[in-house]
There are 2 protein chains.
Amino acid sequence: MVDTVAESRDPAVEAALDKAAEACAARGGQMTELRRQVLRLILSARAPVGAYALLDQLRAARPGAAPPTVYRALEFLQEQGLVHKVERLNAFVGCAGPDAHHHCGHGHDHPHQFLICGRCGATTEVCDDRVAHAVADAARATGFVPHRTTVEVEGLCAACALAA
Amino acid sequence: MVDTVAESRDPAVEAALDKAAEACAARGGQMTELRRQVLRLILSARAPVGAYALLDQLRAARPGAAPPTVYRALEFLQEQGLVHKVERLNAFVGCAGPDAHHHCGHGHDHPHQFLICGRCGATTEVCDDRVAHAVADAARATGFVPHRTTVEVEGLCAACALAA
DNA sequence: TCCGGGCTGATATAGTGTAACGCCCGACCG
DNA sequence: CGGTCGGGCGTTACACTATATCAGCCCGGA
Ligand SMILES: [Zn+2]
Ligand SMILES: [Zn+2]
Ligand SMILES: [Zn+2]
Ligand SMILES: [Zn+2]
């Protein structure tokens with residue numbers, strides 16, 4: 001048995017990584033090993049992950065890793081639309097879009113909203129066009145030219161709402 | 001001449017402070033001198049202010065001021081709905097609501113959105129019910145129970161959009 | 001008087017994010 | 001082949017944001 005270290009790599013995650021590599025190569029982006037590792041950590045997590053939590057995990061594979069290591073990878077992944085930052089949590093999640101709502105007609109810089117459960121920490125990405133339009137319209141009504149929009153709702157997820 | 005230090009207090013700000021003191025007294029809140037000073041600094045600023053910028057200014061009046069000093073005041077002011085935090089900037093602004101959109105029918109815990117100019121830094125608070133409803137509806141459609149909502153749009157303000 | 005709670009002072013520490021420099025390596029070109 | 005140019009990364013150092021904790025003070029109520 002050669003593989004002494006139980007990496008336990010989720011095949012679904014690996015597939016998503018390959019797909020992501022393709023997608024960003026098509027845009028001139030370069031999915032390096034480091035970026036792949038960081039994205040793997042994010043996709044493997046069940047909840048938004050802080051940059052320093054990623055750093056800790058990353059050091060298992062890269063002992064010399066430092067804050068800029070992970071922040072640079074995160075910056076790239078965000079530009080590629082593979083990862084979003086949850087501002088209220090100072091944490092990062094993989095984009096649920098590529099499989100879930102690319103069919104909405106949005107590209108890799110798609111509008112999105114987060115539903116953050118304050119009890120269990122579950123964070124769900126949704127892509128509601130009514131919300132996106134309402135926000136853009138409200139902004140433009142004042143002469144403002146919107147570029148990027150953050151919408152984050154804190155509350156109770158369906159499961160926790162029932163339990164409460 | 002007794003007043004050797006030129007405080008240059010904006011009378012409009014002072015009026016707002018008095019009004020704020022009333023409003024939060026009516027809710028059982030206590031507008032102390034410290035909290036009043038912090039709120040004055042925020043209301044006197046033209047753009048969102050970071051906690052440590054507030055701290056620096058506050059030290060002019062309170063040499064012993066430390067981070068908890070300003071964070072505790074900010075927590076109180078946020079609870080009272082007098083101040084909002086702009087998540088994308090990690091900074092704080094006075095609520096534009098008490099004069100501007102209390103007539104919308106919202107209380108001191110009103111929904112609001114920020115329009116943040118990436119060029120000049122101007123940050124405008126708006127209160128659009130269509131946005132608030134769209135977000136709440138999108139959340140509830142998934143069984144989520146919304147509690148607090150953050151909506152922040154980064155882009156170009158009307159003036160900067162013309163200049164560009 | 002004694003107690004309790006709210007507010008503040010003060011110190012220490014935790015958590016988040018960037019600046020700046022330099023090296024490596026592969027692409028491109030004369 | 002030598003040169004150079006840019007992207008990606010390692011490394012160090014630092015800046016900025018936020019919280020935990022304990023102690024003192026004041027004031028109102030039992
Ligand atoms: Zn997404
Ligand atoms: Zn939950
Ligand atoms: Zn407001
Ligand atoms: Zn502007």
Side-chain angles (χ1 to χ4, degrees), chain A residues 20-21 24-25 27-39 41-42 45 47-80 82-93 121 150 152, chain B residues 20-21 24-25 27-42 45 47-80 82-93 121 150 152 154:
Chain A
C24 77
R27 278 176 247 123
Q30 190 177 346
M31 179 65 86
T32 66
E33 183 54 25
L34 170 63
R35 291 163 177 176
R36 191 182 176 89
Q37 288 172 339
V38 171
L39 182 53
L41 291 173
I42 292 174
V49 205
Y52 280 72
L54 289 171
L55 181 54
D56 286 343
Q57 295 180 256
L58 189 60
R59 285 203 232 255
R62 291 176 179 255
T69 310
V70 59
Y71 277 104
R72 284 190 291 230
L74 287 170
E75 184 182 5
F76 171 84
L77 294 171
Q78 287 182 268
E79 284 168 356
Q80 293 296 318
L82 298 169
V83 161
H84 302 302
K85 178 174 182 181
V86 186
E87 299 285 347
R88 288 182 69 96
L89 304 178
N90 293 321
F92 302 84
V93 292
T150 300
E152 300 178 3
Chain B
C24 77
R27 277 176 248 121
Q30 190 176 348
M31 179 65 86
T32 66
E33 182 55 25
L34 169 63
R35 292 162 177 176
R36 190 181 178 92
Q37 288 172 339
V38 172
L39 182 54
R40 179 182 292 119
L41 292 173
I42 292 174
V49 204
Y52 280 72
L54 289 171
L55 180 55
D56 286 344
Q57 296 181 256
L58 189 61
R59 285 204 231 254
R62 290 177 179 255
T69 309
V70 59
Y71 278 102
R72 284 191 289 230
L74 286 170
E75 184 182 4
F76 171 84
L77 294 170
Q78 287 182 268
E79 284 169 356
Q80 294 296 318
L82 299 169
V83 161
H84 301 304
K85 177 174 184 181
V86 185
E87 298 287 345
R88 287 182 70 94
L89 304 178
N90 293 320
F92 302 85
V93 292
T150 300
E152 299 178 3
E154 181 263 325

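In what follows, chains carry the letters A, B, and so on, assigned in the order in which the sequence lines appear, proteins first and then strands, with residues in each chain numbered from 1. Here the structure is a predicted model, which is why all the values come from computation and not from measurement.
Contacts of B:R72 with the nucleic acid, taken as non-hydrogen atoms under 4.0 Å apart, include base atoms.
Nearest-nucleotide assignment on DNA chain D puts the 5′-proximal partner with A:G29, out of A:G29 and B:L89. Position along DNA chain C of the nearest nucleotide to B:F76 versus B:P63 favours B:F76 as the more 5'-ward residue.
Side-chain N/O atoms of A:K85 include none lying less than 4.0 angstrom from OP1 or OP2 on C:dT16. The side chain of B:T32 places an N or O atom within less than 4.0 Å of a non-bridging phosphate oxygen (OP1 or OP2) of C:dT8. OP1 or OP2 of C:dC7 has at least one side-chain nitrogen or oxygen of B:Q30 nearer than 4.0 Å. Between A:N90 and C:dG17 there is a side-chain polar atom (N or O) within less than 4.0 angstrom of OP1 or OP2. OP1 and OP2 of D:dC9 both lie 4.0 Å or more from every side-chain N or O belonging to A:T69. Here A:Y71 reaches the OP1 or OP2 of C:dG17: one of its side-chain N or O atoms lies under 4.0 Å away.
A straight line from CD of B:E33 to C1' of C:dG9 spans 16 Å, rounded to a whole angstrom. With rounding to whole Å, A:R88 atom CZ is found 18 Å from D:dT17 atom P. To the nearest angstrom, P of C:dC7 lies 10 Å from CD of B:E75. Distance B:L34 CG to C:dG9 P: 6 Å, rounded to the nearest Å. Distance, A:L54 CG to C:dG15 C1': 14 Å, rounded to whole Å. Counting to the nearest Å, the C1' atom of C:dT8 and the CG atom of B:L55 are 14 Å from each other. Here D:dC16 presents its C1' atom at 13 Å from CZ of B:F92, a figure rounded to the nearest Å. We find that CG of B:L58 is positioned 17 Å from P of C:dC7, with the value rounded to whole Å.
The minimum heavy-atom distance between A:Q78 and A:F92, with the atom names listed, is OE1-CE2, 3.7 Å. Between B:Q37 and B:R62, the shortest heavy-atom distance links the atoms OE1-NE, 2.7 Å. Here the closest non-hydrogen pair linking A:A20 and A:M31 is CB-CE, 4.0 Å. A pairwise comparison of heavy atoms in A:L41 and A:L58 identifies CD1-N, 4.0 Å as the closest pair.
A donor-acceptor contact shorter than 3.5 Å is absent between the side chain of A:E87 and the backbone of A:T150.
Taking only side-chain atoms of B:R35, from C-beta outward, the nucleotide of D:dA18, C:dT8, C:dT18 with the closest atom is C:dT8. Taking every side-chain heavy atom of A:A66 into account, D:dT11 is the closest of D:dC9, D:dA18, D:dT11.
Ring stacking is absent between B:Y52 and D:dC16, as the pair misses the limits of under 5.5 Å between centres and under 30 degrees between planes.
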